[in-house]
Amino acid sequence: MIRHWKTLILSLALAGLSTPAWAQATRTISNRAARGDHAPVTVELHPGHGVTLNFRPVGAVVHRAWLDDPSQVTLNFDDTRCALVAAPGECAATVVHLRRIQPLAFPGLPATATTTLTVVTDSDLYTFQLAFPQSGAPAYSILAVQPDAPSPYASAILTTQIASPAGVQWVERGLLEAQRRNLVATGDPLWERIQALLEHLRLGRPLRESAQTAGVSEALVVRLVELGRSDSGLTQGR
């Protein structure tokens, strides 16, 4: 059941599908914004409400996370090993939950109105600015990091290369890597749609037509290629 739930989340996020309920609870940000390339994204933690950072859509595995000021926030992960200080290198989470607490006093640590959360994954470094409003209601409870939209240059590469035999292999390898990371499982609806995509690509059909027919987004295909070929050169804005 848990695995099915996890795959459902991944399917909705990666395939660009959503429901009204998700729209109310989930806010999405690009991978570029989540990295804080220009400025850290501010995450508001209201009293009595937590926020979950979801890195599954980008296939990132969290290895470490730390707070500059831990006096008002606790961190929880979907991998319990991440809470073991003695073995931080074994942490392999994909979700981080932030919970606001009553302020604690740490000797030598000055009280601050905001603080910075740094998240280290297997592929990127993310920074978030945490704020603690005293009133108002939270606008979201989940912040989902989404793959960056491909640039026109990357789109051109996709059009000409992914539909080639080598491109199909990148997608296949990316799918296996996603399976290895427990982001998708054999027999899941998303798995079946990607198999349909591969069949169309093997027949030599254009990427856009194949993606639309199979019911997957081109952003998902880009992400699979990135997973399948780390030196593909398709990741932009880094």
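No hydrogens, no waters, no symmetry mates; every other heavy atom, side chains included, goes into these values.
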Report the C-alpha separation of V221 and W170 in whole Å, then their side-chain angles, then the decisive distance to 0.1 Å, and conclude whether the side chain to side chain contact (heavy atoms under 4.5 Å, CB included) test is met. CA-CA 10 Å; V221 182; W170 299 339; over 6 Å; no
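- When every heavy atom of P147 is checked against every heavy atom of P57, the shortest pair comes out as CG-O, 3.6 Å.
- Annotation: side chain to side chain contact (heavy atoms under 4.5 Å, CB included) contacts of N76 (sequence neighbours excluded): T74, H97, R99.
- F77 approaches A93 most closely through the heavy-atom pair CB-CB, 3.9 Å.
- Side-chain atoms of R100 come within 3.5 Å of backbone atoms of L45 as a donor-acceptor pair (strictly under, hydrogens ignored).
- Residue Y126 comes nearest to R35 through the heavy atom pair CD2-N, 3.7 Å, listed as atom of the first residue, atom of the second, then distance.
- Here CG of D78 is found 10.5 Å from CZ of F55. Values are rounded to the nearest 0.5 Å.
- No side-chain donor from either of S210 and R205 sits under 3.5 Å from a side-chain acceptor of the other.
- When the salt bridge (Lys or Arg N to Asp or Glu O under 4.0 Å) test is applied to D68, no partner is found at least two apart in sequence or on another chain.
- Counting side-chain heavy-atom gaps under 4.5 Å among Ile, Leu, Val, Met, Phe, Trp and Tyr, the cluster of V120 also holds W66, L125.
- Residues L98 and L130 share a closest heavy-atom pair of CD1-CD2, 3.9 Å.
- Residues that satisfy the side-chain hydrogen bond (donor to acceptor under 3.5 Å, both in side chains) test with T118, not counting sequence neighbours, are absent from this structure.
- With sequence neighbours left out, R202 forms a salt bridge (Lys or Arg N to Asp or Glu O under 4.0 Å) with E172.
- Shown here for D69 and T115, the closest heavy-atom pair between the two residues is N-OG1, 2.8 Å.
- The line from CD of Q102 to CG of L104 is 9.0 Å long, rounded to the nearest 0.5 Å.
- Every residue was checked against the side-chain hydrogen bond (donor to acceptor under 3.5 Å, both in side chains) condition with T127, not counting sequence neighbours, and none meets it.
- Counting only heavy atoms from C-beta outward, the side chains of T121 and V58 never approach each other to under 4.5 Å.
- When every heavy atom of E192 is checked against every heavy atom of G187, the shortest pair comes out as OE2-CA, 3.5 Å.
- Considering only heavy atoms from C-beta on, V171 comes within 4.5 Å of V225 through its side chain.
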